[in-house]
Undergrad: 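Encoded as structure tokens, here's the structure I'll be asking about.
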Protein chains: 2
Amino acid sequence: MKQATIRKAFETFLREHSLKLTPQRMRILDRAFETHEHFTAEELYGWLRDEGGSSVSRATVYRTLSMLVDGGFLESLDSGRGELLYEHVMGHRHHDHLLCIDCGKIEEFTDERIEALQKEVCEARGFELVDHDLRLQGYCRSCSLKRTRENKKRPDPLNVQAERERSAGASTDGGGGKSARRSLGRGGAAKSAARKSKR
Amino acid sequence: MKQATIRKAFETFLREHSLKLTPQRMRILDRAFETHEHFTAEELYGWLRDEGGSSVSRATVYRTLSMLVDGGFLESLDSGRGELLYEHVMGHRHHDHLLCIDCGKIEEFTDERIEALQKEVCEARGFELVDHDLRLQGYCRSCSLKRTRENKKRPDPLNVQAERERSAGASTDGGGGKSARRSLGRGGAAKSAARKSKR
DNA sequence: GTGGTTGCAAAGACTTTGCACGCTA
DNA sequence: TAGCGTGCAAAGTCTTTGCAACCAC
């Protein structure tokens with residue numbers, strides 16, 4: 001695609017920040033924009049390694065990815081499954097996500113009305129909105145159909161959810177268990193960056 | 001508050017799942033519901049340790065917290081700062097979050113209109129919504145005012161870095177863009193559970 | 001009694017960092 | 001040439017797991 005434009009923007013970015021243009025950084029940038037899916041640092045590292053060519057170390061991948069996020073070239077997203085996903089942001093404007101808790105597929109969408117309401121909520125509270133992150137979790141069309149068909153086969157995290165509704169008196173809408181996938185045992189962890197600012 | 005109700009629900013939950021009622025579990029449940037803020041597993045562990053009384057091991061805290069999430073007593077939330085936060089969910093209905101990227105404060109809110117639109121978006125795509133997670137990041141009222149007063153820089157979408165770089169030395173931090181806290185230094189990690197499902 | 005639990009410490013997963021050398025500007 | 005950037009491996013952080021002793025039911 002307009003890879004040239006992106007490279008240019010990247011070069012400008014580097015220059016403005018007295019950062020150097022290295023083949024590793026360029027390769028990471030290119031590969032990141034070559035994918036129109038979400039990927040993890042580890043995955044990108046794997047691609048670069050498998051595709052041969054000049055090698056790029058894992059550390060450089062992490063460092064560069066982090067830099068690209070800071071520069072606004074990429075955006076990071078917590079999949080909610082314990083992985084930090086990246087996606088390029090130039091070109092297609094901000095969007096929110098639909099994550100299938102069954103097959104893991106990620107769909108994107110945007111809705112101006114929702115965005116507008118978010119701003120409204122913030123303004124009403126004197127909150128200065130900088131960014132937002134909306135994740136809708138559930139079953140994508142195909143997984144949903146599959147479930148309906150099989151009718152009986154519940155994703156069965158441990159079917160704790162069903163009980164929950166009842167015992168917890170989880171009132172209102174059956175908006176179910178957010179923890180569908182993290183059943184017992186392996187709970188979930190999720191950390192990321194910035195522990196430094198953790199006070 | 002209605003701690004009795006909660007304990008009862010918990011006991012029922014345990015019974016229904018052939019799980020045992022142990023003093024550790026009870027203590028963790030109580031402490032979790034005693035707090036009306038968000039907390040991390042590590043924090044809860046610290047409280048229990050510092051407050052004396054029968055000891056509870058770190059592993060048990062993690063295990064129980066995970067169980068409480070599965071049971072629908074708690075909900076987990078990725079603060080976006082690399083920590084997995086927990087909060088009790090009984091009583092107060094679902095809500096979304098406003099996270100201050102400066103002071104770290106977390107505010108909660110709900111907006112039926114946004115919820116409705118989310119459902120609409122899903123229906124239009126044949127997506128079966130199970131749960132959602134909306135996080136608005138920015139500056140809370142007080143931090144926003146403080147910034148205005150100090151006439152701080154604007155959070156440039158793409159050049160947040162320039163400022164960041166500079167303020168990095170002077171610290172005091174003025175807060176930058178979304179990734180303000182991520183840049184150099186110790187980022188963080190991001191892992192979790194469900195790694196098993198990571199193909 | 002018996003099987004679920006707890007504790008401890010070791011194992012894991014993902015990401016960052018220290019250091020010495022290489023390469024960009 | 002002067003530094004920034006890279007690679008490597010070790011260090012970190014938060015969380016999970018193996019296992020033997022324990023305890024609730």
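A, B, ... follow the sequence lines: proteins, then strands. Residue 1 opens every chain. Everything numeric here is computed off the predicted structure, so don't read it as measured data.
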Undergrad: Could you tell me the separation between the OH atom of B:Tyr62 and the P atom of C:dC8, rounded to a whole number of Å?
TA: 15 Å
Undergrad: Check for a donor-acceptor pair, side chain of B:Arg31 on one end and backbone N or O of B:Trp47 on the other, with a separation under 3.5 Å.
TA: no
Undergrad: Which word best sums up how the rings of B:Phe33 and B:His88 line up, parallel for under 30°, tilted for 30 to 60°, or perpendicular for over 60°?
TA: parallel
Undergrad: Separation of B:Leu19 atom CG from C:dG3 atom C1', in whole Å?
TA: 12 Å
Undergrad: If only side-chain N and O atoms of B:Gln24 are considered, is one of them under 4.0 Å from the OP1 or OP2 phosphate oxygen of C:dG7?
TA: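 So the side chain of B:Gln24 is within the cut-off, an N or O lying under 4.0 Å from OP1 or OP2 of C:dG7.
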Undergrad: Which nucleotide sits closest to the side chain of A:Ser57: D:dA24, D:dG7, D:dG18?
TA: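 Among the listed nucleotides, the one closest to the side chain of A:Ser57 is D:dG7.
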Undergrad: Backbone N or O of B:Lys20 within a donor-acceptor pair of the B:Arg25 side chain at under 3.5 Å?
TA: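 Side chain of B:Arg25 to backbone of B:Lys20: a pair is present.
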Undergrad: B:Leu84 CG to D:dT15 C1': how many Å, rounded?
TA: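 It works out to 10 Å between those atoms.
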Undergrad: Evaluate the ring planes of A:Phe10 and A:Phe13, with Trp represented by its six-membered ring, and classify them as parallel (under 30°), tilted (30 to 60°) or perpendicular (over 60°).
TA: parallel
Undergrad: Has the side chain of B:Arg113 got a donor or acceptor atom that lies under 3.5 Å from a matching backbone atom of A:Leu117?
TA: no
Undergrad: What nucleotide among C:dT15, D:dA24, D:dC4 has an atom nearest to a side-chain atom of A:Lys20?
TA: D:dC4
Undergrad: Measure CG/B:Leu14 against P/C:dT6 and give the value in whole Å, please.
TA: 10 Å
Undergrad: Take the protein atom CG of B:Leu65 and the nucleotide atom P of D:dT15, then report the distance between them rounded to whole Å.
TA: 9 Å
Undergrad: Scan A:Arg25 against the nucleic acid and name what it touches under 4.0 Å (heavy atoms): base, sugar-phosphate only, or nothing.
TA: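 Sugar-phosphate: the residue A:Arg25, judged by heavy atoms under 4.0 Å, touches backbone atoms but no base.
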Undergrad: Could you state the OH-C1' distance from B:Tyr45 to C:dG7, rounded to the nearest angstrom?
TA: 10 Å
Undergrad: Between atom OH in A:Tyr86 and atom C1' in C:dC14, what is the gap in whole Å?
TA: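 Whole-Å distance recorded here is 10 Å.
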Undergrad: Over how many whole Å does the gap from B:Arg58 atom CZ to C:dA11 atom P extend?
TA: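 One finds 17 Å between P of C:dA11 and CZ of B:Arg58, rounded.
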Undergrad: With respect to the phosphate group of C:dT5, does any side-chain polar atom (N or O) of B:Thr22 fall under 4.0 Å of OP1 or OP2?
TA: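 For B:Thr22, the contact criterion (side-chain N or O under 4.0 Å from OP1 or OP2 of C:dT5) is not met.
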Undergrad: What's the closest nucleotide to the A:Arg63 side chain, out of C:dT5, D:dG7, D:dT15?
TA: D:dG7
